[in-house]
Engineer: 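My structure is below; once you've seen it, I'll send some questions.
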2 protein chains.
Amino acid sequence: MSSAETPAPRKRPVQARSALTVDAILTAAAHILEGEGMEGYTTNAIAARAGVSIGSLYQYFPNKEAITAALVLADAERLYEALQAASDGSAGAPFLARLEALLDVVIAHQMERPVLARMIDMEERRLAHDPALQAVHEAGFALVRQELQSSGLSLPFGLEASTVDVFAIVLGICDTAGERGETDGDGLKARIRHAVLSYLGLRPS
Amino acid sequence: MSSAETPAPRKRPVQARSALTVDAILTAAAHILEGEGMEGYTTNAIAARAGVSIGSLYQYFPNKEAITAALVLADAERLYEALQAASDGSAGAPFLARLEALLDVVIAHQMERPVLARMIDMEERRLAHDPALQAVHEAGFALVRQELQSSGLSLPFGLEASTVDVFAIVLGICDTAGERGETDGDGLKARIRHAVLSYLGLRPS
DNA sequence: ATTAAATATGAGCTATTACTCGTATTTTGA
DNA sequence: TCAAAATACGAGTAATAGCTCATATTTAAT
């Protein structure tokens, strides 16, 4: 039962070109999702757009869902790392400045490719059970929890619930903005800032 | 071009039994979506669960999407009507009482069948372009806009943006609660209340 | 050089599933 | 009572799309 069967779940790039292939596939998947939606989002279309054969695609991804999961995960990781960087970069600064730094990251992420962000957001809900994705979510969560805790604020509903709500408020306003096709990043930021600060019991200056 | 062709887009129940059939189909669709998710959500499964032949199903719905759209629309209309009733029922009461009445409706709607609510929420995003659905959204929107306007409050970002944000905050927290499987309706209400009131510049008592 | 492993290819298989259509049954109206 | 309309039926069709596999090519190791 433990001998060397067919490599099974696949995806073990060893050489450099295979890493390029994997990358091309994910990039193509994102472009199709962004430009054609779920309609055109087929494995054959992804392979074609990536300039790769369908066989190669299935050499690195066991099935279509795995491609989507990898795409969503990569996006979540990118956001988390940017948040981490912002948090590190504003070390020592007062709470409000740190919060703004985080908001800037979230809004930049949303505004960079709004349509793709919306599609990924939808897929993210569908794949919410994925352990790897949950891990990244929890990491981002922990980051915000830490910020709130070290702020010394007296939180309205305890640390955990407040963290959940701050997340929900930020994502709720962001997603809605995405759905409505809003383009004013600064205005969006001001509104989210207001919502979060007032939730936390701070007078938005 | 205007003669009596095949009835075309279908759905014209005339007798009583056909209305029952249509109802059974929508009920079955909801049950499947709730219990099996998109996996088991096939037209044949819906028909079987409804105790109706697949042929009958397609006599009243031109395609699968139309079933989903009808389901989502019915849900949105039900929520809107409940909001309307709550608004009417609290006529003359102070703003805070009216707001609470509306929140009660939203939370009751969310808590009634949380899993179904989550699935419908996801489909709602996909069908956001549907004119009939947009109309109901706009109606609910108008209702909240009206409340805010007649509250006499000085809104942080103008009537339109504030309405959008209040919606986003409420739905954001609700959806997140649904995803996390929260069951405490009262706690949920308190948090949403706090978020909305503080956003509006009111001290949550 | 030679061999083995890694990678690439794409025609085609297969399973799923949305949907049709010819027919049977029930209801309505006169 | 008896047509005609409305409704119900479900086996079968057709098309899509996920995925396999036998084969070819490239890279790495000795």
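From a predicted model like this one, the values you see are computed outputs, not experimental measurements. Heavy-atom basis, side chains included; hydrogens, waters and symmetry copies ignored. Below, read A as the first sequence line, B as the second, and so on, with proteins coming before strands; counting in each chain starts at 1.
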Engineer: Please round to 10 degrees the angle between the axis of the first five pairs and the axis of the last five pairs in the helix from C/dA1-D/dT30 to C/dA30-D/dT1.
Structural biologist: 10°
Engineer: The side chain of A/Val52 is closest to which nucleotide in this list: D/dG10, C/dA8, C/dT9?
Structural biologist: C/dT9
Engineer: Between B/Asp175 and B/Arg180, is there a side-chain N and carboxylate O pair less than 4.0 Å apart?
Structural biologist: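 Looking at B/Asp175 and B/Arg180, the cut-off is not met.
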Engineer: Would you kindly give the CD1-to-P distance between A/Ile32 and D/dA17, to the nearest whole Å?
Structural biologist: 12 Å
Engineer: Does the side chain to side chain contact (heavy atoms under 4.5 Å, CB included) test come out yes or no for B/Glu36 and B/His31, once each step is laid out?
Structural biologist: CA-CA 8 Å; B/Glu36 324 230 13; B/His31 272 96; over 6 Å; no
Engineer: Atom CG of A/Leu57 to atom C1' of D/dA17: distance rounded to whole Å?
Structural biologist: 13 Å
Engineer: Do A/His109 and A/Asp75 have side-chain N/O donor and acceptor atoms under 3.5 Å apart?
Structural biologist: yes
Engineer: Can you give one letter per nucleotide of nucleotides 18-30 of chain C, 5' to 3': B if a protein heavy atom sits under 4.0 Å from the base, S if only from the sugar-phosphate, - if neither?
Structural biologist: BBB-----BSS--
Engineer: Salt bridge between B/Arg118 and B/Glu123, side-chain N to carboxylate O under 4.0 Å?
Structural biologist: no
Engineer: Find the distance A/Arg12:CZ to D/dT27:C1' and express it as a whole number of Å.
Structural biologist: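 Atom-to-atom, A/Arg12 to D/dT27, this comes out as 20 Å.
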Engineer: Quickly work out the A/Ile25 CD1 to C/dT7 P distance and round it to whole Å.
Structural biologist: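 Result: 12 Å.
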Engineer: Side chains of B/Thr21 and B/Ser18: any donor to acceptor distance under 3.5 Å?
Structural biologist: no
Engineer: Can you measure B/Gln59 atom CD to D/dA6 atom C1' for me and round it to whole angstrom units?
Structural biologist: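 After rounding, the reported distance stands at 8 Å.
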Engineer: Check every atom of D/dC9, C/dT9, D/dT7 against the side chain of A/Ser56 and return the nucleotide holding the closest atom.
Structural biologist: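 Side chain of A/Ser56 sits closest to C/dT9.
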Engineer: Could you tell me how far apart A/Ile46 (CD1) and C/dT9 (P) are, to the nearest whole angstrom?
Structural biologist: 16 Å
